[in-house]
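Below: the structure, in C-alpha cells.
Residue numbering restarts at 1 for every chain, and letters A, B, ... go by the order of the sequence lines.
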Amino acid sequence: MKSQLQTLLREALDTVLAGAVPAPETINLEPARDRKHGDFATNVALTLAKPLGRPPRQVAEAIVQALPPSPLVKRVDIAGPGFINFFLVEGAMQALVTEILQAGPAYGRAAPGSAGRVMVEFVSANPTGPMHVGHGRNAAYGDALANVLEASGWEVFREYYINDAGRQADILTVSVWLRYLQDGGAALAFPESGYPGDYIREAAAALRLQMGAGMQRAAADVAHGLPADEAAGGDKEKHMDALIARARALLGAGYEAVQRLALERQLADIRATLDAFGVRFDRWASERDTVDSGAVRRAVEQLRIGGHTYEQDGALWLRTTFLGDEKDRVLIKADGSATYFVNDIAYHVDKLARHWPNLLDVWGADHHGYIARMRAAIRALTGRKDALQVQLIQFVTLSSGRMGKRRGNFVTLKDLIGEAGRDATRFFYLSRSHDQHLEFDVELARSQSNDNPVYYVQYAHARIASVFRQAAERGLPVDLAAPAPLERLVDPTEQALLAVLARYVQTLRNAAANSTPHLLTFYLRELADGLHRWYNACPFLVDDAALRKARLALAAATQQVLRNGLALAGVSAPDKM
RNA sequence: GCGCCCGUAGCUCAGUCGGAUAGAGCACCCGCCUUCUAAGCGGGCGGUCGCAGGUUCGAUUCCUGCCGGGCGCGCCA
C-alpha cells in the first residue's frame with residue numbers, strides 16, 4: 001500500500017523535476033498522525049523547495065497535478081506549508097488486518113539474513129560479583145536490540161565476553177582466599193582493595209566445603225614482608241599486587257584451583273540471573289581462552305609487523321593517535337604482562353575472523369573513552385574503519401522510594417527481578433532511551449496496580465483473549481481464516497487503531513536502524529491505547545454477524561501485533577490477568 | 001583543563017532525515033461499571049523546549065558561545 005503510493009510519487013517527481021534536479025533517494029511517506037491529514041502524508045515537496053528554488057506549496061501543487069490516477073487513492077490534499085496528504089478509498093487500510101492475520105507471528109519480520117550479519121556483544125559483566133541494576137539495563141537493551149535486528153532481517157549472534165583473566169580475577173581469587181583463611185582461624189586483615197560483600201564469604205565457605213583445609217596457610221607466611229595496606233599508610237594497590245604474588249607462591253597449582261572455583265561460582269550466579277531475566281546467548285566467550293589460544297600473541301605480532309607499535313619506558317605501545325585516539329595506548333606492560341586492551345583487541349579480531357563483519361558492542365557509558373582506541377586497533381589490523389559500532393548505556397539510579405529505604409536498597413539485578421518481576425523490570429529498562437540516564441522507580445515497577453505501565457500493554461492483550469473466550473462461551477463462531485467484511489470497520493476508534501497498526505513495521509525498522517529498542521515499548525503503549533479506546537467505544541460481540549466478524553478480525557490482528565512486539569521486548573503476553 | 005553524553009509540563013520521559021497546533025505516563029480536579037476484565041475510558045489543569053546568537057521559507061531538532069548535571073581522561077578492567 002505504502003510502496004504503491006511511493007511509486008505514484010516517483011512517477012510524478014519524474015515529470016515535475018524533468019531531470020533539472022536529481023530526485024531524492026528516499027521519499028518520506030508515513031502514516032498520518034492526525035486523521036485530518038488523511039492516511040499517508042509526505043513532506044517531499046518541502047524538501048524539494050530549496051533545490052528547485054520555488055515555494056513549497058507550488059512544488060506540492062505541481063506534484064499533485066502530475067500524480068497518475070490510482071484506484072487506491074480517493075483524494076489528495078495539500079496542507080500546511082506544503083505537505084501532500086493522501087486519503088485512501090474505504091477498505092484500503094483494512095487490508096492490513098488480513099495481512100497481519102495471514103503472517104501471524106511472522107508479521108513485521110523481514111526475510112532472515114536479508115540485511116546482513118551482525119554480532120551483538122552485551123552484558124559481559126565481570127565474573128567478580130553479582131550483577132547490579134546497571135548490568136540489567138545492558139541486558140534488557142542488548143537482548144531487545146538483538147531481537148529487533150533479527151526481526152529486521154539481520155542474522156544475529158549474541159555473545160557474552162567473560163573477563164576471566166587479569167588482575168580483577170586475581171583480586172577475586174585473593175579476596176575469597178583471605179576470607180577462607182580468616183574462617184580457618186588465621187588472624188589476617190582483609191585488604192582495602194579486596195572485594196567486600198557476603199558473596200565472597202559464601203564463596204570461601206564453598207571453597208572449604210570442596211577442598212577442606214588444603215588451602216590453609218599460616219597467617220605469618222601470608223603477611224610477612226608485604227608492603228603496607230592503605231589503612232597502615234601504604235598503597236592499597238601495591239599491597240594487593242604483593243598479596244596476589246604471595247598467594248601464587250604459597251598455593252602453587254592450588255591458586256588456579258581457587259581461582260577456577262571463584263570464577264565459576266560467580267559466572268554461575270550471572271548465568272542464573274540472566275536465565276531468570278530471559279536473556280540467552282549463543283556463546284560465552286572466555287578472555288582466558290583468547291589468551292591461551294595464542295590469539296593475543298598473534299595480534300601483537302601482527303601489529304608489530306604492521307609498524308603500528310613502538311617501545312617506550314619498557315612497554316609496548318600501539319599508535320592509536322594515528323587513528324583518532326587522543327593518546328597512544330599500552331599493549332604490553334613493562335612487567336611483561338598484557339593489558340586488558342590487547343586481550344580485547346584479539347577478541348574483537350577473532351569475532352571478525354569468525355565471519356561476523358559487523359560488530360555491535362553494548363557498553364556502560366563509563367567506557368566511552370575506550371571506543372576510539374578499539375576502533376583504531378581494529379583498523380590497524382583489518383583496515384576496516386566501521387567494523388565496530390558501540391552503543392553506550394547510561395547509568396541507572398534507583399528511586400529513593402519508601403521501599404528502597406526500608407529494605408536497604410536492593411542493588412543486585414537478581415533482587416530487582418525478584419521484587420518487580422521479569423516483565424516489569426524489562427519493560428522499565430526499555431522505557432527510556434539508552435543514552436538517557438535512567439531513574440528506576442522500583443516502587444512503581446513492583447506495584448501490582450494500574451499505575452504500572454507494563455500492565456497497560458499486557459492488559460490490552462489479555463482483554464482481547466478474554467473477548468475470544470467469551471465468544472466461545474456464547475457459542476459464537478470464530479473463523480479468522482475466512483474473509484471478513486473489513487469495510488465495516490468505520491468507527492473513528494477503529495480507524496485510529498488501524499493507523500497505529502500501520503506504523504508497526506516502520507517502528508521496528510527505526511528501532512533496528514537506530515539501535516533504539518525503546519521505540520518499541522512506546523509504540524506498544526500507543527497500540528494498547530488504541531485498543532482500550534476502541535474497546536470502550538464499541539462492543540465486539542454484537543448480533544450483526546458480519547460486523548462481529550470484522551471486529552473480531554481487527555481484535556485478533558491487534559492481539560497478534562501486541563504479542564509480536566512484546567516478544568521482541570522480552571515481555572510476556574498473558575491471556576489472563 | 002580536554003573529550004563524550006544530557007538539559008522538553010510540578011515529577012519521570014518520548015519527539016525519526018529540520019516540517020503541520022511540541023506529546024505521553026504519573027500527580028491534581030470533574031465524570032463513566034445491570035452489557036465482552038474499571039490493571040479500562042472521557043474531560044480539565046499544566047510549556048520563554050536551559051540561556052544567547054547564527055543558518056533556513058521553517059529550528060526542540062543543525063552550528064557557535066555560555067550556564068547547569070553526569071561520565072571519562074591508568075603500564076586497572
Side-chain angles (χ1 to χ4, degrees), chain A residues 24 26 28 30 32-34 36-37 41 43 46-47 49-50 55-57 79-83 85 126 128 163 165-169 171 193 237 287 312-317 326-327 329-335 337-341 343-344 364-372 392 394-395 397 399 431-433 435-439 441 444 447-456 458-460 462-471 473-474 476 506-507 509-511 513-514 516 518-519 521-522 525-526 528-529 531-542 551 555 576-577:
Chain A
T26 56
N28 188 4
E30 36 186 55
R33 286 171 206 164
D34 190 327
K36 291 200 294 282
H37 300 146
N43 66 348
L46 294 159
T47 61
K50 183 180 279 185
R57 280 196 75 105
F83 288 98
N85 296 331
N126 285 355
T128 52
N163 298 122
R167 189 162 181 271
Q168 308 237 357
I171 296 175
S193 61
E237 301 307 334
E287 180 182 6
Q312 187 183 304
D313 303 328
L316 184 70
W317 296 69
E326 33 185 59
K327 54 173 289 195
R329 308 291 171 174
V330 170
L331 297 175
I332 307 294
K333 301 181 221 170
D335 68 1
S337 64
T339 56
Y340 172 84
F341 178 43
N343 290 354
D344 218 3
D366 54 335
H367 285 66
H368 69 75
Y370 203 75
I371 299 174
L392 296 175
Q394 293 296 323
F395 279 29
T397 49
S399 63
S431 67
R432 302 278 180 274
S433 173
D435 56 16
Q436 196 77 227
H437 292 244
L438 171 69
E439 183 173 328
D441 191 334
L444 186 57
S447 76
Q448 302 275 322
S449 76
N450 51 2
D451 293 342
N452 195 330
V454 68
Y455 297 130
Y456 185 76
Q458 290 185 318
Y459 183 45
R463 257 189 161 172
I464 297 169
S466 175
V467 169
F468 282 101
R469 277 195 300 274
Q470 271 293 321
E473 268 177 43
R474 297 187 201 172
L476 297 170
Q506 190 57 50
T507 301
R509 299 297 176 267
N510 281 344
N514 303 315
T516 48
H518 73 282
L519 295 179
T521 50
F522 279 89
R525 203 200 293 255
E526 279 183 66
D529 186 55
L531 183 277
H532 289 310
R533 282 176 196 224
W534 177 42
Y535 184 96
N536 275 73
C538 305
F540 300 173
L541 302 176
V542 289
R551 287 188 169 158
K576 225 173 192 171
M577 288 179 69

(request) For B:rU21 and B:rU35, measure between their C1' atoms and round to the nearest Å. (result) 38 Å
(request) Take atom CG of A:D441 and atom P of B:rA24, then tell me their distance rounded to the nearest Å. (result) 21 Å
(request) Compare the ring of A:F83 with the six-membered ring in the base of B:rA20 and state whether they stack (centres under 5.5 Å, planes under 30°). (result) yes
(request) Pick the C1' atom in B:rC17 and in B:rC62, then give their distance to the nearest Å. (result) 12 Å
(message) Regarding A:A365, tell me which of base, sugar-phosphate or nothing describes its non-hydrogen contacts under 4.0 Å with the strands shown.
(response) sugar-phosphate
(request) Give a yes/no answer on whether the side chain of A:K333 brings an N or O atom under 4.0 Å of OP1 or OP2 in B:rG74. (result) no
(request) For A:E439 and B:rU12, give me the distance from atom CD to atom C1', rounded to whole Å. (result) 7 Å
(message) Would you measure the distance from the C1' atom in B:rA27 across to the matching atom in B:rG54 and give it in whole Å?
(response) 40 Å
(request) Could you check whether A:A537 gets within reach of a base, just the sugar-phosphate, or nothing at all, counting any heavy atom under 4.0 Å? (result) nothing
(request) Could you check how far CG of A:N536 sits from P of B:rC36, rounded to whole Å? (result) 12 Å
(request) Give a yes/no answer on whether the side chain of A:K576 brings an N or O atom under 4.0 Å of OP1 or OP2 in B:rA39. (result) no
(request) Pick the P atom in B:rU8 and in B:rU16, then give their distance to the nearest Å. (result) 16 Å
(request) Measure up the A:H437 and A:F395 rings against each other and bin them: parallel (under 30°), tilted (30 to 60°), perpendicular (over 60°). (result) tilted
(message) Rounding to an integer number of angstrom, what distance separates B:rG47 and B:rA14 when you compare their C1' atoms?
(response) 15 Å
(request) With pairs defined as Watson-Crick or G-U wobble and both distances under 3.5 angstrom, please note down RNA chain B as a dot-bracket string, | for pairing with another strand. (result) (((((((..((((.....[...)))).(((((.......))))).....(((((..]....))))))))))))....
(request) State whether A:R533 places a side-chain N or O below 4.0 Å from either non-bridging phosphate oxygen (OP1 or OP2) of B:rG42. (result) yes
